[in-house]
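Remarks on the structure that follows.
Values below: all heavy atoms of this structure, side chains included; hydrogens, waters and symmetry mates excluded. Along the sequence shown, residues carry numbers from 1.
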Amino acid sequence: MFKKILIANRGEIALRVIQACRELGIPTVGVYSTADRDSLHVTYADEEVCIGPPPSSQSYLNVSALVSAAEITGADAVHPGYGFLAENAHFAEVLEECRLAWIGPRPASIRLMGDKAKARQAAERAGVPVLPGSREPLADAEEARRLAAGVGYPVILKAAAGGGGRGMRIVQAEKDLEAQFATAREEALKAFADGSIYLEKYLAEPRHIEFQMFGDRHGKVIHLGERECSIQRRHQKLIEESPSPVLGPELRARMGAAAVRLCEAVAYENAGTVEFLLDRDGSFYFMEMNTRIQVEHPVTEMVTGADLVKWQIRVAAGERLELESGLPPVGHAIECRINAEDPETFAPSPGKLTTFHTPGGPGIRVDTHGYESYTIPPFYDSLVAKLIAHGGDRAEAMARMSRALDFFVVEGIKTSIPLHRRILRDPRFRSGELSTRFMERFLRDRAGRPEPG
Ligand code: MV4
């Protein structure tokens, strides 16, 4: 097992990793930018190293500062959390060259899944359903037109280097294809310095369902069920739950088996997530694979009883995975992401938490780096807390979530708590009628404008 783990992250996930390390008896090194001196991950780490000024490009993304911090403190492994360098194959390689263990997938897996066109190909080769579309990146608009004609409109153009909703263009009809292709390529070049574009049939109103995957170094691959993540706004998830309200044991088994085939085909190690689009008729299609622990991992922990972060550390140390694949979920869990932002305009709302009372009681978990008198700096993402409710069934999880939102008191900044309270009261949410269009409709209805068409 590792002797000391450096956590290359901040906020709630840095604390989450510290908790796991403490339970495993492994000392931790926290790293921080000068904006994070008063952060809890600095307080709770056994040692701490300042790695630079507030901008993440000079601190949490600063590879040489992180490697130096590990070498100075004698850490022998690095946990990247999510975001920042978590899906940076180069960072993983640099660590391994410096004899530092990387707590994550092999760099080749990160690189493969980071290229969304290659990931799609790998899925297809593994017998995982993909939407009709292009096998290789498109050479030009003419090739796109030819393929789109075969697939049928609408189609979606995606940047191979994109992901998470960045660099996508929906094309409703052939007349728009040439212009949309040019825009997609331009945007991809500008954002990712890689203009590779691929094409798929566009599904108008799918659900986003993702499977929690795990592999070890001995060739074992398992799935730990799904998370429904359809409640998103601008590709930022707001609410996640497990199990999905629409997956029965049979569809769960088929989707889980497909996700396992993909991970086995690439000899996947450590934690990962296979994302699917689920159509109304029960057809499912591979969308992307994320090669990190995700923000929403707690809902899976609540319904499986597995500590995913501890398993990340154990399998990175070469231990065998002792979790069983595809067990039925126990009860139901829902997570609300509480952001420091205006619940109406979504404008960031950093500042001092003058009051901060977190709820507790049966079935409630709060993952947060917040505390009363803590000042949320303006430099990083706006997540202040993840509120997770577990219950015997979805109704009990919703009731616990609603009362926990009522009893969560934050003063000094604006948060998304009022928005979550409204969503929890929404009849469509309550009935489990979810889709990737849910928030669009929810916000439009609220604005009181009639639905067009
Ligand atoms: C799609 C799609 C419909 N059809 N691909 C958005 C994030 C990125 N991972 C891929 N995304 C989508 N890909 C096809 N062929 C719809 C989306 C999509 C979406 C997916 C999941 C959750 C929210 C979403 C919101 C808008 C679009």
Side-chain angles (χ1 to χ4, degrees), residues 116 119-133 150-156 158 165 168 170 199-213 221-232 235 237 239-265 272-290 294 296 299-300 303-304 325-334 393-395 397-398 426-442:
K116 305 301 164 184
R120 189 182 129 90
Q121 263 182 41
E124 196 178 9
R125 271 200 305 274
V128 179
V130 297
L131 279 153
V151 161
Y153 287 88
V155 298
I156 185 166
K158 297 182 175 181
M168 303 189 324
I170 299 157
L199 172 152
E200 278 179 359
K201 172 95 188 147
Y202 177 68
L203 286 186
E205 206 169 331
R207 288 171 179 251
H208 172 136
I209 295 194
E210 57 181 39
F211 274 72
Q212 178 64 54
M213 310 306 295
V221 170
I222 64 157
H223 81 82
L224 294 170
E226 79 283 4
R227 294 183 287 259
E228 161 103 43
C229 306
S230 296
I231 311 277
Q232 318 199 348
H235 305 295
K237 294 169 187 160
I239 299 181
E240 306 95 347
E241 56 185 295
S242 187
S244 162
V246 291
L247 248 61
E250 193 262 347
L251 185 52
R252 174 173 304 112
R254 280 198 293 125
M255 293 177 78
V260 166
R261 279 201 301 280
L262 172 58
C263 291
E264 281 176 347
T273 299
V274 176
E275 297 184 342
F276 292 106
L277 293 172
L278 178 65
D279 209 350
R280 300 184 89 88
D281 66 359
S283 315
F284 63 90
Y285 306 96
F286 172 78
M287 182 163 55
E288 290 179 12
M289 180 164 188
N290 301 322
Q294 294 203 220
E296 60 271 26
V299 294
T300 299
V303 298
T304 62
S325 193
L327 290 181
V330 176
H332 197 101
I334 304 174
D393 55 19
R394 190 167 186 264
M398 287 193 294
D426 181 86
R428 273 192 289 244
F429 177 79
R430 300 195 68 83
S431 70
E433 233 181 279
L434 312 177
S435 88
T436 50
R437 283 282 182 59
F438 178 92
M439 279 311 288
E440 200 183 304
R441 266 205 205 102
F442 177 86

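- Rounded to the nearest 0.5 Å, atoms CE (Met289) and NZ (Lys116) are 10.0 Å apart.
- Between Thr273 and Gln212, the closest side-chain pair of non-hydrogen atoms falls below 4.5 Å.
- The stretch residues 274-285 participates, sequence neighbours left out, in no salt bridge (charged side-chain N to carboxylate O under 4.0 Å, His left out) pair at all.
- Contact between Ala259 and Phe211 at its shortest, heavy atoms only, is CB-CB, 4.2 Å.
- The side-chain heavy atoms of Ile334 and Met398, taken from C-beta on, include a pair separated by under 4.5 Å.
- The minimum heavy-atom distance linking Arg252 with Pro243 is given by the pair NH2-CB, 3.3 Å.
- Under the 3.5 Å distance criterion, with hydrogens and angles disregarded, no donor-acceptor pair is assigned to the side chains of Glu226 and Ser244.
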_Full working for side-chain contact (heavy atoms from CB on, under 4.5 Å) between Thr304 and Val330_ = CA-CA 6 Å; Thr304 62; Val330 176; over 6 Å; no
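- Looking only at distances, no side-chain donor or acceptor of Ser242 sits under 3.5 Å from a matching main-chain atom of Thr300.
- Considering all non-hydrogen atoms of both residues, Gly432 and Arg394 come closest at N-NH1, 3.5 Å.
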*Taking it one step at a time, do Arg430 and Asp426 satisfy side-chain contact (heavy atoms from CB on, under 4.5 Å)?*
CA-CA 6 Å; Arg430 300 195 68 83; Asp426 181 86; 5.7 Å; no
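- Distance alone, capped at 3.5 Å, is enough to place a donor-acceptor pair between the Thr436 side chain and the Pro206 backbone.
- Residues in residues 200-211 take part in these salt bridge (charged side-chain N to carboxylate O under 4.0 Å, His left out) pairs, two or more places apart or across chains: Arg120-Glu200, Lys158-Glu200, Glu205-Arg441, Arg207-Glu228, Glu210-Arg227, Glu210-Lys237.
- Atom CD1 in Ile222 sits 11.5 Å away from atom CD in Glu264 (nearest 0.5 Å).
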*side-chain contact (heavy atoms from CB on, under 4.5 Å) evaluation trace for Cys263 with Val274*: CA-CA 9 Å; Cys263 291; Val274 176; 4.2 Å; yes
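- At least one side-chain heavy atom of Leu247 sits less than 4.5 Å from a side-chain heavy atom of Ile209.
- Side-chain contact between Glu241 and Leu434: present, with at least one pair of heavy atoms (C-beta onward) separated by less than 4.5 Å.
- In this structure the side chain of Leu277 reaches within 4.5 angstrom of the side chain of Leu131, judged on heavy atoms.
- With sequence neighbours excluded, the residues satisfying ring pair (Phe, Tyr, Trp, His ring centres under 6.0 Å) with Phe284 are Phe276.
- Contact of the Leu251 side chain with the Leu278 side chain is registered, since non-hydrogen atoms from C-beta on lie closer than 4.5 Å.
- Rounding to the nearest 0.5 Å gives a distance of 6.5 Å between CD of Glu433 and CZ of Arg428.
- Side-chain contact check for Tyr202 versus Ile170: some heavy-atom pair is nearer than 4.5 Å.
- Residues passing the side chain to side chain donor-acceptor pair (under 3.5 Å) test with Arg437, sequence neighbours excluded: Glu440.
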*Could you walk me through whether Ile231 and Phe429 pass side-chain contact (heavy atoms from CB on, under 4.5 Å), step by step?*
CA-CA 9 Å; Ile231 311 277; Phe429 177 79; 4.0 Å; yes
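- Among residues two or more places apart in sequence or in another chain, the ring pair (Phe, Tyr, Trp, His ring centres under 6.0 Å) test is passed with His332 by none.
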Anything under 3.5 Å between a donor and an acceptor, one on a side chain of residues 122-129, the other on a protein residue two or more places apart or in another chain? List them.
residue: Glu124; atom: OE1; partner: Arg135; partner atom: NE; Å: 3.2
residue: Glu124; atom: OE2; partner: Arg135; partner atom: NH2; Å: 2.7

